Amino acid sequence: MSNRNTVTWNSMISVFAKNDRINDARQLFDQMPERNLVSWNTMISGYLYNDQISNAVELFDKMPERDLYSWTLVITCYTRIGELEKARYMFDQLPCMRSPACWNAMIAGYVKNGGVVDARKLFDEMPVRDLVTWNTMLSGYTQNEEMGMALKFFEKMEMRDVVSWNLMVHGFVEVGDMDSAYDFFRRIPNPNVVSWVTMLSGYARNRRIIEARKLFDKMPERNVVAWNAIIAGYCQNSLIDEALQLFKEMPEKNSASWTAMINGFVCVGKLDEARNLLNQMPYKNVAAQTAMISGYIQNKRIKEARLIFNLIKSRDVVAWNTIIAGYVQCGNMDEAVKLFKQMPEKNSVSWNTLLAGFAQGKMDIALRIFEQMGERNLVSWNSLISGFTQNGLYMDALWYFVLMAREGKRPDQSTFASGLSACANISALQIGKQIHNLSAKNGYVSDLFVGNALITMYSKCGRITSAVQVFNDIDGCDLISWNALIAGYALNGYGKEAVQLFQEMKIKGLNPDQVTFVAVLSACTHAGLIDQGLTLFKSMTEDNFVEPLAEHYACIVDLLGRAGRLEEAYQLLIGMPIKANAGTWGALLGACRIHRNLELGKVAAEKLVEFEPCKTSNYVLLSNIHAEAGSWDEVESVRVLMKDKGVVKQPGRSWIEVENQIHSFLSENLTQPRTKEVCETLKMLIGHLRNSGYMPDIT
DNA sequence: TATGCGTAGT
């Protein structure tokens with residue numbers, strides 16, 4: 001085989017890889033009679049181009065020999081999946097002289113993962129910088145929305161080309177400063193098609209589609225990316241017909257064109273049209289299929305989403321995470337977990353061999369690297385953990401939090417927030433505290449997201465002082481923080497403090513929202529601050545422009561009801577300008593039971609059953625009301641009604657944390673080892689209560 | 001003559 005022939009094969013592989021036919025490219029690679037070093041690099045580069053990192057690394061591992069191109073590629077692979085430490089380790093241990101491209105790959109890796117400071121360090125260390133180095137560093141500032149720094153850097157750059165200018169335009173677009181973006185665009189000495197596309201898609205993304213179209217019409221030359229940009233622009237602005245028109249007109253389409261159009265249809269809810277396009281798409285790629293999947297998921301059509309998912313040839317982590325999030329959203333955690341477990345794990349290829357080559361006496365590092373490998377990313381973990389929390393499976397959320405730590409994945413603010421929320425809901429104070437410590441160790445001491453979750457966790461665990469402490473430590477509390485602490489005060493019986501905090505918040509210039517009012521009104525209710533509660537309720541619409549929801553009415557009905565002003569409560573309820581819900585009637589019923597108003601109680605209980613026909617406790621309440629009134633016929637009719645509706649009693653469940661162990665109790669389930677003790681203690685307590693003159697309501 | 005690494009656009 002002549003060398004010339006191999007070069008032809010290599011070119012073919014490259015063309016296939018860059019035109020949505022990565023599998024065909026691989027077939028060529030496997031079939032070619034003679035492979036040289038460039039063939040291997042081309043194939044790896046093809047995988048990288050198609051975001052198939054594990055395939056790329058697998059091939060790298062098998063290479064008979066490697067050159068600087070190979071090393072640079074694999075460094076880029078690792079930075080692409082956020083494995084900076086691994087990339088840097090390779091960069092430091094390179095067996096040959098580093099090329100500028102190699103340095104640039106490492107700097108770009110830091111930049112893409114938000115490590116501008118590390119990027120700058122390497123930039124400063126670099127012996128000889130080329131134009132790409134300068135542009136890469138500039139992109140560090142523009143991509144992290146540091147346009148002040150970017151401008152300074154740009155002005156003192158030793159050399160510039162059209163890429164430098166395009167970066168500046170893009171940076172201004174990202175921060176929404178379209179005037180500066182256009183100013184730079186205008187000043188570009190020789191704008192190329194990228195400059196035009198950057199500017200036009202900037203307009204489109206900032207809802208200035210007419211200006212975008214004007215630029216598109218004025219462009220001196222248009223390539224497929226330009227067409228894709230204007231089509232995506234129309235889609236983003238919900239002008240789907242215009243998008244489709246251009247899609248039909250465009251001279252050539254690539255997978256991004258199809259994906260943009262499918263996405264467009266998905267966004268406006270036209271799933272059938274989207275599906276039609278996907279069927280017509282010549283070489284389906286994972287991005288288009290994933291767009292279709294999320295369309296189905298948004299419309300609660302999980303089965304169809306799954307069918308598409310099953311068809312994907314090479315699933316990437318985004319596809320996996322999308323389908324998992326779909327099952328989470330529809331509450332099917334079993335399937336979510338099943339898929340999560342099916343996600344590809346460590347590659348069978350001997351990473352060890354590869355790493356051993358480097359490790360040479362540094363096996364601890366090699367081992368750590370090995371342990372970090374795996375296809376599941378942080379998004380997968382977070383999706384699952386927050387899914388458990390959202391679906392009330394708090395123990396599972398905590399269990400997976402632990403598993404994640406065991407696999408060496410570092411939690412981020414989302415993981416911490418979900419974990420803390422799980423603790424809050426089962427009052428797991430000790431575990432909550434541990435997660436608090438862990439979050440501090442991971443650098444989230446004053447993180448807003450984590451802080452807000454901490455406030456709620458400590459509040460719900462009855463540690464209001466710790467909640468206040470967290471509140472004071474957060475850098476720049478937002479509305480959520482204030483709401484969380486006000487609700488915390490309310491929950492722990494500190495009505496006056498809640499109202500005081502509410503006033504303080506208004507003085508600070510924050511506008512309360514509906515959540516704030518639920519918190520502060522319920523604080524008033526529980527602290528018996530009747531006049532204050534009524535005044536606050538009135539102020540909602542009059543001073544704060546917040547429309548009361550049924551929840552707010554429920555608070556006031558509760559407030560009046562507890563104070564014995566039942567008739568007022570009832571009048572307020574039936575005069576509500578919005579639809580009442582179970583909560584409002586439930587509040588009235590509660591008050592009727594305290595004040596033994598059977599007449600009104602019956603009305604409320606009947607309404608409750610109407611609203612929640614499947615909830616057993618409502619029937620029990622209604623039955624009790626009738627029993628108390630001595631209407632035994634009615635009691636019987638409730639029993640029949642329950643049977644007719646097929647209402648099944650849901651067993652109650654509660655948790656308690658003892659010495660870091662969470663114990664779960666299911667009513668009528670005697671498998672808990674200490675059930676007998678618990679029941680005996682309970683009996684004793686009830687006896688004490690009775691003796692002190694309190695009649696517990698144990699219905 | 002021809003192929004592979006690092007910076008900008010969908």
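Lettering follows sequence order; numbering is per chain, from 1. Worth saying up front: this structure is predicted, and the values here are computed from it rather than measured.
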Quiz item: Is any side-chain heavy atom of A:Thr42 less than 4.5 Å from a side-chain heavy atom of A:Ser39?
Solution: no
Quiz item: Can you check the A:Tyr203 OH to B:dT10 C1' distance for me, whole Å?
Solution: 18 Å
Quiz item: Should A:Arg98 be listed as having a side-chain N or O under 4.0 Å from OP1 or OP2 of B:dC5?
Solution: no
Quiz item: Whole-Å distance between B:dT3 P and A:Asn5 CG?
Solution: 15 Å
Quiz item: Which part of the nucleic acid, if any, lies within reach of A:Thr72 when heavy atoms closer than 4.0 Å are counted: base, sugar-phosphate only, or nothing?
Solution: base
Quiz item: Of all the nucleotides listed (B:dT3, B:dC5, B:dT10), which has the minimum atom distance to the side chain of A:Val7?
Solution: B:dT3
Quiz item: In chain order, what residues pass the side chain to side chain donor-acceptor pair (under 3.5 Å) check against A:Asn192, with sequence neighbours excluded?
Solution: A:Asn166, A:Ser195
Practice problem: Determine the contact category for A:Asp161: base if any of its heavy atoms lies under 4.0 Å from a base atom, sugar-phosphate if only primed atoms, P, OP1 or OP2 are that close, otherwise nothing. | Solution: nothing
Exercise. Starting at atom CG of A:Asn41, determine the distance to atom P of B:dG6, rounded to an integer number of angstrom.
Key: 11 Å
Self-check item: Euclidean distance, atom CG of residue A:Leu28 to atom C1' of B:dT3 [Å, nearest integer]
Solution: 13 Å
Quiz prompt | A:Asp67, nearest nucleotide to its side chain (from B:dG4, B:dT3, B:dG9) | solution = B:dG4
Quiz prompt | A:Asn10 CG to B:dC5 P, straight-line distance once rounded to whole Å | solution = 11 Å
Quiz item: What residue pairs, at least two apart or across chains, pass side chain to side chain donor-acceptor pair (under 3.5 Å) with a residue in residues 20-31 of chain A?
Solution: A:Asp20-A:Ser255, A:Arg21-A:Asp24, A:Arg21-A:Tyr283, A:Arg26-A:Asp30, A:Arg26-A:Tyr47
Practice problem: List in numerical order all residues of residues 162-192 of chain A for which some heavy atom is under 4.0 Å away from an atom belonging to DNA chain B. | Solution: A:Val163, A:Asn166, A:Leu167, A:His170, A:Asn192
Quiz item: Counting side-chain heavy atoms from CB outward, which of B:dG6, B:dT10, B:dG4 is closest to A:Ser201?
Solution: B:dT10
Quiz item: Looking for any heavy atom pair under 4.0 Å, which part of the strands does A:Val224 touch: base, sugar-phosphate only, or nothing?
Solution: nothing
Practice problem: Please report, rounded to the nearest Å, how far the C1' atom of B:dT7 is from the CD atom of A:Glu158. | Solution: 16 Å
Self-check item: Non-neighbouring partners of A:Glu145 that pass side chain to side chain contact (heavy atoms under 4.5 Å, CB included), sequence neighbours left out
Solution: A:Glu174, A:Val175
Self-check item: A:Lys121 and A:Glu125 ion-paired at < 4.0 Å
Solution: no
Self-check item: Nearest-angstrom distance from the residue atom CH2 of A:Trp71 to P of B:dG6
Solution: 16 Å
Self-check item: Test side chain to side chain contact (heavy atoms under 4.5 Å, CB included) applied to A:Asn113 - qualifying residues, sequence neighbours left out
Solution: A:Thr79, A:Leu84
Quiz prompt | Nucleotide nearest A:Asn223 (side chain, heavy atoms from C-beta), chosen from B:dC5, B:dG9, B:dT3 | solution = B:dG9
Quiz item: Would A:Arg213 and A:Tyr234 count as having a side-chain donor-acceptor pair, cut-off 3.5 Å?
Solution: yes
Self-check item: Set of residues satisfying side chain to side chain contact (heavy atoms under 4.5 Å, CB included) with respect to A:Met157, sequence neighbours excluded
Solution: A:Trp134, A:Asn135, A:Leu138, A:Phe153, A:Phe154, A:Arg160, A:Ser164
Quiz item: Could you go step by step and tell me if A:Phe184 and A:Leu151 meet the side chain to side chain contact (heavy atoms under 4.5 Å, CB included) rule?
Solution: CA-CA 11 Å; A:Phe184 267 80; A:Leu151 200 56; 3.5 Å; yes
Self-check item: Pairwise 5' ranking along DNA chain B for A:Ala105 and A:Tyr49, keeping only the more 5' one
Solution: A:Ala105
Exercise. Take the protein atom NZ of A:Lys18 and the nucleotide atom P of B:dC5, then report the distance between them rounded to whole Å.
Key: 5 Å
Quiz item: Which nucleotide in the set B:dC5, B:dT3, B:dT7 lies at the smallest distance from any side-chain heavy atom of A:Tyr69?
Solution: B:dC5
Quiz prompt | Sub-4.0 Å heavy-atom contacts from residues 129-141 of chain A onto DNA chain B, ordered by number | solution = A:Asp130, A:Val132, A:Asn135, A:Thr136
Quiz item: Counting side-chain heavy atoms from CB outward, which of B:dG6, B:dG9, B:dA8 is closest to A:Val197?
Solution: B:dG9
Exercise. Check whether any side-chain heavy atom of A:Val132 sits under 4.5 Å from a side-chain heavy atom of A:Pro100, and report yes or no.
Key: no
Quiz item: Where along residues 226-242 of chain A does a heavy atom come under 4.0 Å from DNA chain B, residue by residue in number order?
Solution: A:Asn228, A:Ala229, A:Ala232
Practice problem: Using a cut-off of strictly less than 4.0 Å between a heavy atom of the residue and any atom of DNA chain B, enumerate the qualifying residues of residues 252-269 of chain A by number. | Solution: A:Ala256
Quiz item: Tell me, which pairs form a salt bridge (charged side-chain N to carboxylate O under 4.0 Å, His left out) where one or both residues lie in residues 286-308 of chain A, sequence neighbours left out?
Solution: A:Arg301-A:Glu304, A:Arg306-A:Glu335
Quiz item: Can you say whether the rings of A:Phe247 and A:Trp258 are parallel (under 30°), tilted (30 to 60°) or perpendicular (over 60°)?
Solution: perpendicular
Quiz prompt | Set of residues satisfying side chain to side chain contact (heavy atoms under 4.5 Å, CB included) with respect to A:Tyr69, sequence neighbours excluded | solution = A:Asn41, A:Asp67
Self-check item: Residues A:Asp217, A:Lys214: salt bridge by 4.0 Å N-O rule
Solution: no
For residues 260-277 of chain A, run the donor-acceptor check on the side chains, cut-off 3.5 Å, and write out each pair with its distance to 0.1 Å, sequence neighbours left out.
residue  : atom : partner  : partner atom : Å
A:Arg275 : NE   : A:Asn279 : OD1          : 3.3
A:Arg275 : NH1  : A:Tyr296 : OH           : 3.1

